[in-house]
Protein chains: 2
Amino acid sequence: MGYSKASKANTHARLVEAAAARFKERGIDGISLADLMKELKLTHGGFYRHFDSRDELVAEALALALARSGETMRERLFDGAKGDGTQSDLAGFIDFYLNEAHRDGRAGGCAVAALAGDAPRKSVQVQAQFREQIERNIAALSEALPPNTAADSREQALVMLSTLYGALTMARAVGDSPLSREVLRTVRKRLTDAGGLNKKRRPRKKELAPIRD
Amino acid sequence: MGYSKASKANTHARLVEAAAARFKERGIDGISLADLMKELKLTHGGFYRHFDSRDELVAEALALALARSGETMRERLFDGAKGDGTQSDLAGFIDFYLNEAHRDGRAGGCAVAALAGDAPRKSVQVQAQFREQIERNIAALSEALPPNTAADSREQALVMLSTLYGALTMARAVGDSPLSREVLRTVRKRLTDAGGLNKKRRPRKKELAPIRD
DNA sequence: ATTATCTATAGATCTATAGATAATGC
DNA sequence: ATTATCTATAGATCTATAGATAATGC
């Protein structure tokens with residue numbers, strides 16, 4: 001009770017962290033403050049020493065979740081390609097994104113895919129948070145596209161992002177099933193192959209690596 | 001009070017209808033039974049003469065919403081093309097789907113795009129409802145693809161559906177904005193043009209019809 | 001006589017607040 | 001002395017149930 005070694009700032013950060021995971025897993029309205037506090041072994045009454053309202057937590061948790069997703073995207077796109085002379089690993093990112101592990105791991109996965117469906121029902125402030133991060137994601141993906149397609153790379157990035165979000169959402173909506181795996185596998189394959197986008201970078205046998213159904 | 005001319009079956013049907021619209025607009029958990037009954041000028045106590053539980057209403061409303069979306073899709077794909085010798089109007093469907101009117105009209109729009117984000121948080125029964133309708137949508141879109149691509153038409157349909165759902169979801173998530181309109185316009189254009197999918201059917205100037213931002 | 005709808009309420013859950021408790025820092 | 005956390009509770013809202021009311025059909 002009282003002051004533990006965990007400072008106020010630490011508890012605040014842990015709350016935002018836990019909220020980000022639970023919101024992605026169960027939806028922005030899918031967890032109560034009492035249950036969230038319980039997850040941190042705290043009681044619900046203490047919540048308001050850290051936030052003025054639930055909405056304030058939502059804003060902070062969403063900001064964290066969206067920023068993290070963007071960072072992970074950039075890492076997968078650009079860090080994975082270091083050392084072999086290429087500038088990006090687009091196919092590596094696609095493999096990472098359209099995956100059964102990602103499908104089943106909403107709490108640790110992409111915040112846009114997990115929460116975009118909730119956004120239209122929320123405030124314009126929430127929608128602005130999505131807008132700003134999605135702009136960054138478009139920029140990142142656009143940079144990662146092969147240079148020869150640079151003329152309309154923003155358009156390509158927009159379409160590819162739509163496809164990635166849509167495929168993951170669909171794979172999740174239908175539950176674990178052959179269809180779910182087929183969506184992931186097929187879209188992964190066709191995005192990687194399409195238009196010869198990435199032929200230089202990924203040997204064909206790796207693109208066609210079998211996925212067990 | 002008492003028996004109105006509206007028979008029990010009629011009230012039941014109106015409840016399912018209203019629920020389908022509200023669920024698509026605000027989410028499956030986004031409206032209370034009391035508010036739903038109020039929309040029909042009824043009081044909340046009467047609800048349980050029509051349904052054993054809220055979940056039963058959810059199942060029926062979702063079934064209606066998903067089936068309607070599928071019917072609309074088939075109509076747009078196949079009825080719009082009658083008379084000119086072609087078998088489908090894929091570009092017409094894409095124009096209809098990726099549209100500001102559809103973006104802003106969730107209550108009357110596609111149930112998959114409106115509710116797929118809720119599905120992973122719901123029961124496996126709900127997910128099975130999505131799975132069955134999405135299978136039908138894949139079949140419809142697959143049939144509507146130009147015959148020369150028939151060899152892998154299911155794969156193409158899967159990718160195109162992912163892109164359509166993802167683009168509409170993204171356009172909604174970012175709120176009304178230049179980005180939202182850009183997503184709709186760009187994906188619409190690139191899906192219509194891509195791979196010469198539909199060149200025979202749609203004159204180029206119509207494909208490039210300007211959208212005001 | 002039947003029964004769709006209404007009135008009233010139980011029980012659960014949720015956000016938010018008020019005041020008590022106790023661990024830490026000065 | 002300060003304040004993070006806890007205990008207790010107010011007030012709102014939600015699903016579900018019980019019994020009353022009144023319009024329809026036989």
Side-chain angles (χ1 to χ4, degrees), chain A residues 1-63 115 118 121-123 125-126, chain B residues 1-63 115 118 121-123 125-126:
Chain A
M1 305 129 191
Y3 250 69
S4 78
K5 269 182 191 166
S7 68
K8 183 178 183 180
N10 188 2
T11 300
H12 184 105
R14 285 166 60 226
L15 268 171
V16 173
E17 194 87 40
R22 286 314 135 244
F23 290 164
K24 284 194 286 179
E25 189 179 339
R26 305 186 204 172
I28 293 177
D29 297 328
I31 184 160
S32 70
L33 300 183
D35 284 347
L36 196 68
M37 293 297 277
K38 208 177 288 175
E39 190 174 322
L40 269 70
K41 314 265 186 197
L42 296 173
T43 54
H44 57 284
F47 177 83
Y48 292 91
R49 290 276 169 173
H50 299 284
F51 301 92
D52 286 344
S53 67
R54 192 183 197 282
D55 276 350
E56 194 175 293
L57 171 66
V58 168
E60 288 192 33
L62 194 55
L115 295 173
D118 290 358
R121 309 163 189 163
K122 294 288 171 189
S123 67
Q125 285 80 11
V126 163
Chain B
M1 306 127 192
Y3 250 70
S4 78
K5 269 181 191 166
S7 68
K8 184 178 182 179
N10 187 2
T11 300
H12 184 105
R14 286 166 60 226
L15 268 172
V16 173
E17 193 88 39
R22 287 314 134 244
F23 289 165
K24 284 194 285 178
E25 189 179 337
R26 305 185 204 172
I28 293 177
D29 296 329
I31 184 161
S32 71
L33 299 183
D35 284 347
L36 196 68
M37 293 297 276
K38 208 178 287 175
E39 190 174 321
L40 269 69
K41 313 264 186 197
L42 296 173
T43 54
H44 58 282
F47 177 83
Y48 293 90
R49 289 276 168 173
H50 300 284
F51 302 92
D52 285 345
S53 67
R54 191 182 197 282
D55 276 350
E56 193 175 294
L57 171 66
V58 168
E60 288 193 31
L62 195 57
L115 295 173
D118 290 359
R121 308 164 191 163
K122 294 289 171 188
S123 67
Q125 285 80 10
V126 163

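Every chain is numbered from 1 and lettered A, B, ... according to where its sequence line falls, protein lines coming before strand lines.
- To the nearest angstrom, C1' of C:dT17 lies 18 Å from CZ of A:Phe51.
- The separation between A:His44 atom NE2 and C:dC14 atom C1' is 10 Å, rounded to whole Å.
- Considering B:Ile28, B:Leu33, B:Asp35 as possible partners of B:Ile31, the one that fulfils the side chain to side chain contact (heavy atoms under 4.5 Å, CB included) test is B:Asp35.
- Under a 4.0 Å N-O distance rule, the pair A:Arg22/A:Glu25 qualifies as a salt bridge.
- Between D:dT15, D:dT5, C:dT7, one nucleotide has an atom nearer to the side chain of B:Thr43 than all others, and that is C:dT7.
- Distance CG (A:Leu36) to C1' (C:dT15): 13 Å, rounded to an integer number of Å.
- Counting heavy atoms from C-beta on, the side chains of A:Val58 and A:Phe23 come closer than 4.5 Å.
- At the heavy-atom level, A:His50 lies under 4.0 Å from the strands shown only through sugar-phosphate atoms.
- Atom CE in B:Met37 sits roughly 13 Å away from atom P in D:dA16 (whole-Å rounding).
- Pairing for D:dA1 is with C:dT24, a Watson-Crick or G-U wobble pair whose two hydrogen-bonding atom distances lie under 3.5 Å.
- The side chain to side chain contact (heavy atoms under 4.5 Å, CB included) test with B:His12 singles out one residue from B:Glu17, B:Glu60, B:Arg49, and that residue is B:Glu60.
- Residue B:Thr11 places at least one side-chain N or O closer than 4.0 Å to OP1 or OP2 of C:dT5.
- The nucleotide whose nearest atom lies closest to any side-chain atom of B:Ser32 is, among D:dA16, D:dT15, C:dA16, D:dT15.
- Rounded to a whole Å, the CG atom of B:Leu40 is 13 Å from the C1' atom of C:dA4.
- Between the NE2 atom of B:His12 and the P atom of C:dT3 there is a distance of 17 Å, rounded to whole Å.
- Of the charged side-chain nitrogens involved, at least one lies within less than 4.0 Å of a carboxylate oxygen, so that A:Asp29 and A:Lys122 count as a salt-bridged pair.
- Side-chain proximity of A:Tyr48 to D:dA16, C:dT5, C:dT17: nearest is C:dT17.
- One interatomic measurement links the two molecules: CG of B:Leu33 to C1' of C:dA12, which rounds to 15 Å at whole-angstrom precision.
- Here C:dT3 is the nucleotide among C:dT3, D:dT15, D:dA8 with the atom lying nearest to any side-chain atom of B:Arg49.
- Of all nucleotides present, only D:dT13 satisfies the Watson-Crick or G-U wobble test against C:dA12, with each distance under 3.5 Å.
- The CG-C1' distance, from A:Asp29 to C:dT15, rounds to 12 Å in whole Å.
- Mapping A:Arg54 and B:Lys41 onto DNA chain C by nearest heavy atom places B:Lys41 closer to the 5' end of the strand.
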